Amino acid sequence: MTEEKKTGWLSRLRAGLKKSSNKLSENIVSVLTKKKLDDEALEQLEEALLMADLGPAAAARLVADFGKTRFGKDVSETEIKEALAEQITVILQPVAHPLVIDRDKNPFVVLMVGVNGAGKTTTIGKLAQHYKQQGLQVLMAAGDTFRAAAVGQLKIWGERTGVPVVSGDEGCDAAALAYQAMERARKDAVDLLLIDTAGRLHNKNDLMQELAKIIRVIKKQDESAPHAILLVLDATTGQNAHAQVESFREMAQVTGLVVTKLDGSAKGGVLVALADKFKLPVHAIGVGETADDLQAFRAEDFARSLMGLEGDAA
Amino acid sequence: MFEGLSSKLTGIFDRLTGRGALNEADVTEAMREVRVALLEADVALPVIKDFVARVKEAAVGQDVMRSITPGQQVVKIVHDHLVDLLGRTAEPLNVGVTPPAVIMMLGLQGSGKTTSSAKLAKYLTEQERKKVLLASLDVQRPAAQEQLAVLGQQINVVSLQIIAGQTPVQIAGRALDTARKEGFDVLILDTAGRLSIDEELMAEAASVRDATGPHERLLVVDAMTGQDAVETARRFDAQIGITGIVMTRIDGDARGGAALSMRAVTGKPIKFLGVGEKTAALEVYHPDRLANRILGMGDVVSLVEKAAAAIDANEARDMAEKFMSGKAFDFDDLAKHLQQMQKLGGLSGMMGMLPGIGKLKDKLKDANVDDKLLKRQEAIIRSMTPAERKDVDLLGAARKRRIAKGSGVEVSEVNKLIKQFLEMQRVMKQVKKMGKGGLLGGLMPKLKGGEMPDLSHLMGGKEF
């Protein structure tokens, strides 16, 4: 997530987003190759945004704003793409914040939450690698005690990254494990403690209560912890992402988002609507399965990639 | 799932049916709302456009407008088109071939392939009496093979021995050999999650397909997927050739639009629904029932089937015989009954399938129907002595206090349970007089008739 890696992550993201955004931009191109922007053109523009998962409300708003300034004018494909990318950047810019680890906290505690299969365990492994490289002493806690072999999965990440893992038996109490991990992190003077949790659907009240309990137990050792609660969102998710953010924010006081699987054909367009509605920072994005595939979220790059624009803005 | 979409649609339709006459503008307006509702439910845009156009065409026809109940006619048209979209009949799994039948599970990372593989194995073992072999070809995700092995142990299904360092094609070949030699009926191949645009991994999946000739190639798709669902399905179909779809996380609150669009786009049927984290939480997909659920008309047939599968037939018969022999209904019987209710997915699980409940959902939340109630009631019974369970008259104030303490509830809750018990005992006596079967014997025909059983006594008697 450093500047040196910028070219690397940009090309990765672009390679991933390209196939999808090509379709989006093709849709736009086919409608608007230097011609008057009329109602029909705007409608098709809206449809292109809808296909990118922006959702009915956000798509309608973007198109309305766009039409206000340019209606009836001759516009070219690139102009439209640039203008839309700019509009999307304005929405995304305020939420593009990397995760800041406060070194005064001993340890800084990060709790990962999310629905099943979003990519929590993989993201923890990537985060561990990243912060270890930065010279922090990191500890991981295998808090997904429900899914078969989830503990084993995190342990392998531990071996790969050389980061120790606190684990219990499968099926043991996740809150108790979090407590143990806190104890050990404090004893070993760890800088950063990353706690995994089992995937849970946000509409299952009992499972959400269990999450609340984990947080309560962590607070018994450090009232200010967890210092960051990251909701991991799968980029293929559609409008249900709204419900996920809403529930996890309410039940677990989520402080930021990590968006995974952005290297697929899914566009992750729902992020635009989420940024507008919840203003939660987007700390990182996942663009692959290896430890290096976790990157900082950059509003302009994301917006431009989404619109299929090459290179950085001048 | 689907509650969100169904409550939106019923809202739109309520307004429509509430009116005497309809004109074209009314229908157009309603269809615009339907379009937004479907978009919010993640139905693919091309599918929505086609759907709305066809419904509109059928709905503004002369016959509809002239009928006495035009609104209901429109709802019927939407229902019929929805069923068209979902498919008319359930399409069974093609496992009746010369063994071993090979099933290949495909999908994106985190869509639920491994869990679905285990669920399918359990389903085929228990419902279809097949001898199933599980094999994980996932050499990408750490500990993925172990995950399937652990799940196999949990459901008592054999999984292929893990040999480190083998490629997916090698594992698949070994699995097929083992299945042939050891006489397995079905081989389920769980593959690594892959992106549809990852050419290398897609080519690998194609070689596994070519090496094993799977009879079923099932694409596992998360119900929360957005517009990308159809793109993914299309690509997997083009490159691997899928035979069906498994939708997972139906138990979330996603509106499940992907289910509506994928069949329309690929022409491939949805075959199974994943409805929970437990290995038994898999349902055969019935399109007509799903359409009913989406339109808030309930799904009684599934409930009855679930009941039939979950309730031990012998236990039910024993109970029936007990009543017929004239023995009184006691707390032990009530405990059994409570356990049977829990097997059906608890109160909320059962009620989701009952007609008309969709509209009541919010009220139900207020009424605090929690599934723990059944467990608490069971705990109360378990805190009674055997003698107390046989004879309710023993329960004086001191005993009630002890029971409350033992089960961690208030005495008032014990009283409530006793009251309910006495009420049930009274009903049982009447049933016996009428010469009918036991509790469930009486309940089942009621369900089949589409009548809502009276569950209010189990909900703390709250009105809703």
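Values in this document were obtained by computation on a predicted structure and should not be read as measured data. Order of the sequence lines sets the chain letters (A, B, ...), proteins ahead of strands, with each chain counted from 1.
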Exercise. Please report the shortest heavy-atom distance between B/L45 and A/M51, naming the atom on each side.
Key: CB-SD, 3.7 Å
Quiz item: How about B/R35 and A/P56: do any of their side-chain heavy atoms sit closer than 4.5 Å?
Solution: no
Practice problem: Tell me, yes or no, whether the heavy-atom count around A/E250 atom CD, taken from other residues, nucleotides or ligands under 6.0 Å, exceeds 12. | Solution: no
Quiz prompt | Contact leader toward chain A among B/G112, B/A229, B/G226, where contacts are heavy-atom pairs under 4.5 Å | solution = B/G226
Quiz prompt | OG1 on A/T121 to CZ on B/R141, rounded to 0.5 Å | solution = 8.0 Å
Practice problem: Could you go through the salt bridge (Lys or Arg N to Asp or Glu O under 4.0 Å) check for B/K49 and A/E47 one step at a time? | Solution: CA-CA 10 Å; B/K49 286 169 81 174; A/E47 287 183 358; 2.9 Å; yes
Self-check item: From A/L201 atom CG to B/D253 atom CG, the distance as rounded to the nearest 0.5 Å
Solution: 8.0 Å
Quiz item: Relative to chain B, which segment of A/H242 carries a heavy atom at a distance below 4.5 Å: side chain, backbone, both, or neither?
Solution: neither
Self-check item: Toward chain A, the part of B/S196 with a non-hydrogen atom under 4.5 Å
Solution: side chain
Quiz item: Do you know which two heavy atoms are closest between B/L39 and A/L50, and how far apart they sit?
Solution: CD1-CD1, 3.7 Å
Quiz prompt | Pick from B/P46, B/G110, B/S111 with the largest number of heavy-atom pairs that fall under 4.5 Å of chain A | solution = B/G110
Quiz prompt | Within-4.5 Å side-chain heavy-atom neighbours: A/N116 and B/R249 | solution = yes
Exercise. Output the option from A/A59, A/A148, A/A149 having the highest count of non-hydrogen pairs under 4.5 Å with chain B.
Key: A/A148
Quiz item: Contact part of B/Q145 toward chain A, heavy-atom cut-off under 4.5 Å: side chain, backbone, both or neither?
Solution: neither
Quiz item: Which heavy-atom pair separates B/M224 from A/N240 by the least distance, and what is that distance?
Solution: SD-OD1, 3.1 Å
Quiz item: Measuring from A/K261:NZ to B/L108:CG, what's the distance to the nearest 0.5 Å?
Solution: 7.5 Å
Quiz item: Checking A/K155 against chain B: side chain, backbone, both or neither under 4.5 Å from a heavy atom?
Solution: neither
Practice problem: With rounding to the nearest 0.5 Å, note down the distance linking CD in B/Q140 to CD in A/E289. | Solution: 5.5 Å
Quiz item: Taking everything shown except A/D206 itself, do over 12 heavy atoms lie less than 6.0 Å from its CG?
Solution: yes
Self-check item: Heavy-atom closest contact (A/G152 atom, B/A143 atom, distance)
Solution: C-CB, 3.7 Å
Quiz prompt | Segment of A/V270 engaging chain B (4.5 angstrom heavy-atom cut-off) | solution = neither
Quiz item: Of the listed residues (B/E40, B/E146, B/R194), which shares the most heavy-atom pairs with chain A below a 4.5 Å separation?
Solution: B/E40
Quiz prompt | Proximal component of A/L207, with respect to chain B [non-hydrogen, under 4.5 Å] | solution = side chain
Quiz item: Do other residues, nucleotides or ligands put more than 12 heavy atoms under 6.0 Å from A/Q209 CD?
Solution: yes
Quiz prompt | Verdict with reasoning, A/K204 to B/D251, per side-chain contact (heavy atoms from CB on, under 4.5 Å) | solution = CA-CA 9 Å; A/K204 307 239 155 151; B/D251 51 329; 2.5 Å; yes
Exercise. Name the member of A/R160, A/R147, A/Q153 that forms the most heavy-atom pairs with chain B at distances under 4.5 Å.
Key: A/Q153
Quiz item: Between the side chain of B/D228 and the main-chain N/O of A/T236, is any donor-acceptor distance below 3.5 Å?
Solution: no
Quiz prompt | Nearest-0.5 Å distance, CG of residue A/D263 to CG of residue B/D198 | solution = 8.5 Å
